[in-house]
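Have a look at the structure below before the remarks.
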Amino acid sequence: MLIRKSEGWEIPEREVTPEAVYWNRRQILQSAGLLAASSLVGQPKPLYPAVKNEEFTVPAASLTPDWAASGYNNFYEFDPNGKETVKDLVDKFVISPWQIQVSGLVKEPQMYDLDDLLKKLPLQERVYRFRCVERWAMVVPWTGFPLASLIKLLEPKASAKYLRFVTASRPSEMPGMKKAPYPWPYFEGLRMDEAMHPLTMVVTGMYGKPLPKQNGAPVRIVTPWKYGYKSIKSIVNIEFRTSEPPTFWNKLISSEYGFYSNVEPKKPHPRWSQAVEQMIPTMERRPTMQYNGYEKFVAGMYNGKEF
Ligand SMILES: Nc1nc2c(c(=O)[nH]1)N[C@H]1C(S)=C(S)[C@@H](COP(=O)(O)O)O[C@H]1N2
Ligand SMILES: [Mo]
């Protein structure tokens, strides 16, 4: 079996668990991987749980519990005023079938069925840290694939320099949309090199299961070195374009939420410090990490001013 050398993507949280526990778990996972490969030949492969990417794992004890990550959410389309309430407001939201409009500067702009795309893009599981601009943070095993794989499949034109993403807009299914006069639908964007960065994931699941609706089912983005609001949920449109796209939070309060929104402990939010984060559900305080711990991998994309 090929044992991949760690590239350093792993969250250095082996410190919080005794080394022996950590290495035992790795051995168990590796032998489980061997079993999975040798059996089930010729069976249709279920999507979940997906293969664990060994470059992005942590000891189970340092993961945020599933109930906390799926019970404490920011999803303003359902509730602009609450986090624990979101999960109870998603029942009416229809997530299957799901189509994504690909538009702008690509070989063939067209509507794609998510299920068809998933047949071409194998899923994997990766554990990432996640940091909301409001300071709460978590460690989550996401299932999905690199956005770069989708971008390559779509064949953007050389003139495409940015991507714009748009969330579904269905006020009859999303009760929060009527509660606040926000510039719906939610929209976000990435520069092409950020979108192509191997850390940027298209996510369809977490904790080895399909994504709960409150976490952005059936498909969202996760950019772990940026504040959480860049990780747009329930995407229905991806546009390839030449100019920097406007973003929802920047449009609402441009002095507080820039386009890049990279995690930077030394740059306070105008209304609070960003030096410390609090892990849900315990609210244990930890120092915020530069680029949320992904500095080594992403700092080279920036000149130090993009925050
Ligand atoms: N469409 C949409 N996407 C969104 C949001 C939102 O309100 N609407 N909230 C963002 C914010 S502020 C955060 S912190 C994360 C929260 O993701 P989670 O609920 O899965 O933890 O989703 C982001 N994506
Ligand atoms: Mo957030």
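When a ligand or atom number is given, it counts from 1 through the structure's own listing order.
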message: Measuring from non-hydrogen atoms of Phe248 to any atom of ligand 1, is the shortest distance under 4.0 Å?
response: no
task: Determine the interplanar angle of the His269 and Trp272 rings, folded into 0 to 90°, and report it as parallel if under 30°, tilted if 30 to 60°, perpendicular if over 60°.
output: parallel
- prompt: Which ligand 1 atoms are under 4.0 Å away from a heavy-atom of Arg220?
  reply: 15 (C), 17 (O), 18 (P), 20 (O), 22 (O)
query: Is the shortest distance from a heavy atom of Met206 to ligand 1 less than 4.0 Å?
result: no
query: If we only count heavy atoms from C-beta on, is the Asn237 to Ser103 side-chain gap below 4.5 Å?
result: yes
message: Under a 3.5 Å distance rule, please check whether Arg131 uses its side chain to pair with a backbone N or O of Trp225 as donor and acceptor.
response: no
- prompt: Relative to ligand 1, is Phe130 under 4.0 angstrom through side chain, backbone, both or neither, heavy atoms considered?
  reply: side chain
task: Return the residue, atom name and 0.1 Å-rounded distance of the protein heavy atom closest to atom 8 (N) of ligand 1.
output: Glu77 OE1, 2.8 Å
message: Just to confirm my output: which protein heavy-atom neighbour is closest to atom 7 (O) of ligand 1, and how far is it?
response: Tyr76 N, 2.8 Å
task: Please list, chain by chain and in numerical order, all residues satisfying side-chain contact (heavy atoms from CB on, under 4.5 Å) with Pro245, sequence neighbours excluded.
output: Tyr162, Arg164, Arg241, Phe259
- prompt: Would you say ligand 1 has an N or O under 3.5 Å from any N or O of Lys233?
  reply: yes
field: Contacting atoms of ligand 1, where contact means under 4.0 angstrom from a heavy atom of Met138
entry: 21 (O)
- request: Just jot down the ligand 1 atoms closer than 4.0 angstrom to any heavy atom of Thr167, in number order.
  value: 1 (N)
query: What protein heavy atom sits nearest atom 6 (C) of ligand 1, and how far away is it?
result: Tyr186 CE1, 3.4 Å
message: Check this for me: does any side-chain nitrogen of one of Glu256 and Arg271 sit under 4.0 Å from a carboxylate oxygen of the other?
response: yes
query: Strictly under 6.0 Å, is that where the ring centroids of Tyr227 and Tyr257 end up?
result: no
message: Can you name the atoms of ligand 1, numbered from 1 with element, that are less than 4.0 Å from a heavy atom of Ser231?
response: 22 (O), 23 (C), 24 (N)
message: Return the closest protein heavy atom for atom 9 (N) of ligand 1 as residue, atom name and distance.
response: Asn74 O, 3.2 Å
Sub-6.0 Å ring centroid separation between Phe75 and Phe78: yes
task: Check whether any N or O atom of Trp136, backbone or side chain, sits under 3.5 Å from an N or O atom of ligand 1, and answer yes or no.
output: no
- request: Find all atoms of ligand 1 within a distance of less than 4.0 Å from any non-hydrogen atom belonging to Cys132, and give their numbers and elements.
  value: 14 (S)
message: Using a 6.0 Å cut-off, check whether atom NZ of Lys179 has over 12 heavy atoms from anything other than its own residue.
response: yes
message: For Phe248, give me all partners under ring-ring contact (aromatic ring centres under 6.0 Å, His included), at least two apart in sequence or on another chain.
response: Tyr182, Trp184, Tyr186
